[in-house]
Each structure stands twice: as C-alpha cells, then as structure tokens.
Amino acid sequence: MNSTPIDISVVVPLFNEEESLPELAAWIKRVMDANGFSYEIIFVNDGSTDSSWKVIGELAAENRNIHGICFRRNYGKSPALYEGFKAAQGRVVITMDADLQDSPDEIPELYRMITEEGYDLVSGWKQKRYDPLSKTIPTKLFNATARAVSGIKNLHDFNCGLKAYRSDVVKHIEVYGEMHRYVPYLAKNAGFKKIGEKVVHHQARKYGSTKFGLDRFVNGYLDLMTLWFTSKFGVKPMHFFGLWGSVMFLLGFFSAAAVGIMKLWRVYSGSPYILVTDSPYFFLSLTLMLLGSQFFLAGFVGELIARSNPRRNDYEISQTL
Ligand code: UDP
Ligand code: MG
C-alpha cells in the first residue's frame with residue numbers, strides 16, 4: 001500500500017460474493033474517479049468457499065487501489081471488519097457490504113459529513129428497505145432496544161453495513177465476536193460523541209443469498225446485554241453483583257426473621273401455629289438468601305478477574321499538553 005495520504009478507505013467484508021465483486025469494484029471506482037478522491041478498496045475475504053478470492057486477485061491486478069486480505073476460514077463479519085480497520089490508511093474509512101445492497105453513490109456525501117460537518121461516525125439508514133417482512137419487523141424491535149440500551153437516541157438502523165468513520169475511530173475501537181451490529185455503541189463507549197445518520201438507498205440482493213438467519217436477533221440481543229454490562233460494570237462488577245446480592249440477602253434475612261418471630265408470637269400468645277418449615281415464606285426467604293450470597297460470590301470472582309484484566313487501565317486520551 002502506498003504512503004501518500006489517502007482520502008478514503010473502503011472496507012468490504014465478504015463471504016461467498018463472487019458474482020457481485022466486479023460490479024461493486026467498478027462502481028466504487030466510478031464514484032471515486034468522478035469526485036477526484038484518492039482511495040483504496042480493502043476486500044476482506046472471510047473464508048469464502050467460492051471463487052471470490054480469485055476474483056479479488058483479478059481485480060487487484062487491474063487496479064492498484066484494490067487490496068485483499070484472505071482468512072483461512074470463515075470467522076464472521078466482525079473479525080473481517082477488524083482486520084480491514086487495522087489495514088485501512090484513509091482519512092475516512094467507509095464500510096460497505098459486498099452484496100450490492102449498499103450503494104457506493106452515497107460515499108461522497110458520507111465523506112463530506114465526516115470531513116466538513118465534523119462527525120466521528122455516520123451510519124446509514126435504510127429507511128426504505130428491500131428485505132422480506134420476516135426481517136424488517138424484528139429489525140424495528142432490535143433497533144428500538146439498541147437505542148434504549150446504548151443511549152444513542154438518533155440512530156434508526158444500527159446494523160446498516162454502510163457506515164463512515166473518521167480514521168481515529170476505527171483505530172481506537174475493537175470489533176470482535178458479532179459486535180459489528182453495535183459499532184456505534186463501541187464508538188460511543190470509546191468517547192466518540194458525534195454520531196450521525198444519513199438516509200441511504202437500499203436495494204434487494206442481486207446475487208447470492210443472505211449469510212445471517214433469524215438467529216441474528218437472538219444473538220444480537222445477547223451481545224447487546226453483554227456490551228451494556230461490560231461498558232457499565234466491566235471493571236467494577238461488584239457494583240452490580242454486590243448491590244443486588246445485598247438486596248436479595250437482606251430481603252431474605254428479614255423475611256426469614258419475620259417468619260420466626262411470628263411463630264414465637266403465636267406460641268406465646270397461645271394461638272394455633274404451624275411449623276416454620278410448613279410455611280412457603282420460609283423457603284422463599286431461604287432461596288433469596290442463597291441467591292444473594294451467590295450474587296456476592298459472583299461479584300468477588302468478577303473483581304478478581306477485573307483486577308487481572310490487562311486492559312483495566314486502558315483509557316482513551318484524546319490530547320495532552
Ligand atoms: N459476511 C461476512 N462473513 C460472514 C457473513 C457475512 O463477511 O460470515 C459479509 C457478507 O458477504 C456481506 C455482509 O457481510 O458482504 C453482509 O451480509 P449479508 O448481506 O448476508 O447480511 P444482510 O444484508 O442479510 O444483513
Ligand atoms: Mg446484504
């Protein structure tokens with residue numbers, strides 16, 4: 001890759017998209033040339049089993065702005081983005097799906113929003129989608145949850161593959177697992193505040209088929225919970241487990257005491273009474289105390305892990321004087 005500054009890096013993660021690649025590369029080139037941008041296209045081949053990698057080789061031979069990274073096996077979209085981000089050299093980094101659902105015609109405006117309006121991240125919003133209903137309805141729910149949990153109120157479409165970043169952002173966040181759905185949340189947690197949105201055109205998939213099934217929503221929800229938890233309590237798990245453990249334990253302790261006192265009261269006042277172990281409240285109290293202690297223990301173990309986390313003192317410093 002050359003050393004003169006590049007305006008735009010386009011990172012394209014792909015898995016078995018051989019038919020789309022030549023069209024996509026030509027389209028991106030057309031847009032870049034028309035606007036006079038210097039650019040690079042980084043195709044990250046995520047272990048495709050078709051001839052995608054061969055096609056990328058042919059494209060790279062024709063256009064020296066095209067580069068490729070090839071995984072030995074299929075790792076997933078997030079790992080592909082991670083490697084693409086690491087390699088990207090442009091001032092602005094744009095990610096795009098390889099299936100031609102995202103339009104390269106959006107690039108100039110995304111670039112302008114980052115460089116002139118000062119956005120850290122601009123996410124595409126497929127306001128009018130060309131996907132089956134089975135996907136669009138759960139997506140609405142998914143986005144509403146993601147907005148509420150992440151606190152990024154202005155995004156309608158977290159999972160849009162078309163996004164633009166200031167280079168700083170991609171160099172300071174770490175996408176892993178299946179966290180590509182929450183890159184804006186990761187950016188926000190790293191202290192990048194100016195997150196915007198742009199309505200983008202969306203097209204039906206032209207070739208091939210989608211690589212994600214409905215399990216994306218289950219996994220997406222679990223990942224969101226993980227991110228929420230680690231961003232809030234990652235280095236201080238006791239603040240979560242300790243609090244709820246104490247609440248449960250105390251509730252259990254006082255209700256067990258109440259069951260006992262009531263029994264004694266009845267014995268002494270001569271009213272009819274039952275065995276403490278015949279009362280359901282006794283067992284509820286016991287369960288609460290046990291759960292509370294378990295939470296507390298989880299908190300201690302969490303603290304031990306947090307203490308040996310090599311990144312426990314990893315802060316984002318934007319400037320020093
Ligand atoms: N993708 C990938 N690795 C995977 C699955 C998908 O790199 O394991 C790529 C895929 O080739 C495409 C993008 O991620 O470029 C989005 O995938 P897809 O179009 O199947 O998702 P959808 O549009 O249905 O959300
Ligand atoms: Mg797609």
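Atom set for the values below is all heavy atoms of this structure, side chains included, hydrogens, waters and symmetry mates excluded. Just so we're clear, the structure is a prediction, and the values are computed from it rather than from any experiment.
Here the shortest heavy-atom pairing between L59 and A25 reads CD1-CB, 3.9 Å. When all heavy atoms are compared, the tightest approach of F15 to G47 is CE1-O, 3.5 Å. Smallest separation of non-hydrogen atoms from G36 and D7: O-OD2, 4.3 Å. The nearest pair of heavy atoms linking N45 to C70 is ND2-SG, 3.3 Å.
The pair E117-R112 meets the salt-bridge criterion, since a charged nitrogen lies less than 4.0 angstrom from a carboxylate oxygen. Ion pairing between a basic and an acidic side chain is recognised when a charged N comes within 4.0 Å of a carboxylate O; E58 and K54 show such pairing. Using a 4.0 Å cut-off between charged side-chain N and carboxylate O, R311 and E174 make a salt bridge. Using a 4.0 Å cut-off between a side-chain N of Lys or Arg and a carboxylate O of Asp or Glu, K198 and E109 do not qualify as a salt bridge.
Taking the ring axis of Y39 as reference, the NZ or CZ atom of R30 does not stay both within 45° of it and closer than 6.0 Å to the ring centre.
Of the possible donor and acceptor atoms, one in the side chain of K171 sits under 3.5 Å from a partner among the backbone N and O of A88. Looking only at distances, a side-chain donor or acceptor of N154 sits under 3.5 Å from a matching main-chain atom of I195. Judged by distance alone, the side chain of N35 and the main-chain N or O of V31 form a donor-acceptor pair under 3.5 Å. Side-chain atoms of Q89 do not come within 3.5 Å of backbone N or O of P5 as any donor-acceptor pair. For the pair R266 (side chain) and P272 (backbone), a donor-acceptor distance under 3.5 Å is present. Proximity of a side-chain donor or acceptor of S167 to a complementary backbone N or O of V92 within less than 3.5 Å is not detected. Panel note: side chain N143, backbone F158; a donor-acceptor pair is recorded below 3.5 Å. Remark: the backbone N or O of S103 is not paired with any side-chain donor or acceptor of Q203 at under 3.5 angstrom.
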Practice task
Run the numbers on R147 and I152 for side-chain contact (heavy atoms from CB on, under 4.5 Å), then give the verdict.
Solution key: CA-CA 5 Å; R147 265 198 303 277; I152 307 174; 5.9 Å; no
Problem - Worked check of side-chain contact (heavy atoms from CB on, under 4.5 Å) between I6 and I8 - result: CA-CA 6 Å; I6 299 172; I8 303 178; 5.6 Å; no
Exercise for the section: Go through the steps for F43 and H67 under the test side-chain contact (heavy atoms from CB on, under 4.5 Å), then give the verdict. Expected result: CA-CA 6 Å; F43 285 114; H67 307 283; over 6 Å; no
Exercise for the section: Evaluate the criterion side-chain contact (heavy atoms from CB on, under 4.5 Å) for residue pair Y111 and I114; output intermediate values, then yes/no. Expected result: CA-CA 5 Å; Y111 178 79; I114 300 275; 6.0 Å; no
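Atom CD of Q127 sits about 13.0 Å away from atom NE2 of H202, to the nearest 0.5 Å. Atom CG of residue L304 and atom CG of residue N309 lie 12.5 Å apart, to the nearest 0.5 angstrom. From L251, atom CG reaches atom CG of L291 across 11.5 Å, with rounding to the nearest 0.5 Å.
Using cut-offs of 30° and 60° for the angle between ring planes, the H180 and F212 rings count as tilted. The aromatic rings of F240 and F233 are tilted relative to each other, their planes meeting at an angle between 30° and 60°.
With ring centers used as reference points, F241 lies 6.0 Å or more from F296. Residues F192 and Y165 keep their aromatic ring centres 6.0 Å or farther apart. In this structure, the ring of Y315 has its center no less than 6.0 angstrom from the ring center of H172.
For W244, the CH2 atom sits in a loose shell: 12 or fewer heavy atoms of surrounding residues, nucleotides or ligands are nearer than 6.0 Å. Annotation for K140: atom NZ does not count as buried by contact number, only 12 or fewer foreign heavy atoms lying within 6.0 Å. Shown here is Y221, whose OH atom has no more than 12 heavy atoms of other residues, nucleotides or ligands within 6.0 Å. Other residues, nucleotides and ligands contribute over 12 non-hydrogen atoms within 6.0 Å of the NE2 atom of H156.
In this structure, K126 has no side chain to side chain donor-acceptor pair (under 3.5 Å) partners at least two apart in sequence or on a different chain.
Remark: of the listed residues D97, T95, D46, D97 is the sole one forming a side chain to side chain donor-acceptor pair (under 3.5 Å) with K77. For the side chain to side chain contact (heavy atoms under 4.5 Å, CB included) test with M179, the passing option among I173, D223, L81 is D223; the others fail. Each of K193, K163, R166 was scored for a salt bridge (charged side-chain N to carboxylate O under 4.0 Å, His left out) with D120, with one residue passing: R166.
Applying the side chain to side chain donor-acceptor pair (under 3.5 Å) rule to pairs touching residues 9-27 yields S9-E40, N16-T49, E17-R205, E17-K211, E18-S51, E23-K206, E23-Y207, W27-D105, sequence neighbours excluded.
Using a 4.5 Å cut-off between side-chain heavy atoms of Ile, Leu, Val, Met, Phe, Trp and Tyr, Y281 falls into a hydrophobic cluster with F249, L250, F253, F254, V259, V276, F282, F283, L284, L286, M289. The hydrophobic cluster containing Y273, built from Ile/Leu/Val/Met/Phe/Trp/Tyr side-chain heavy atoms closer than 4.5 Å, also comprises V267. Within the hydrophobic cluster formed by Ile, Leu, Val, Met, Phe, Trp and Tyr side chains joined at under 4.5 Å, directly or through other members, L275 stands alone, with no partner residue. Side-chain heavy-atom separations under 4.5 angstrom define the hydrophobic clusters, and the remaining members of the one that includes W125 are V199.
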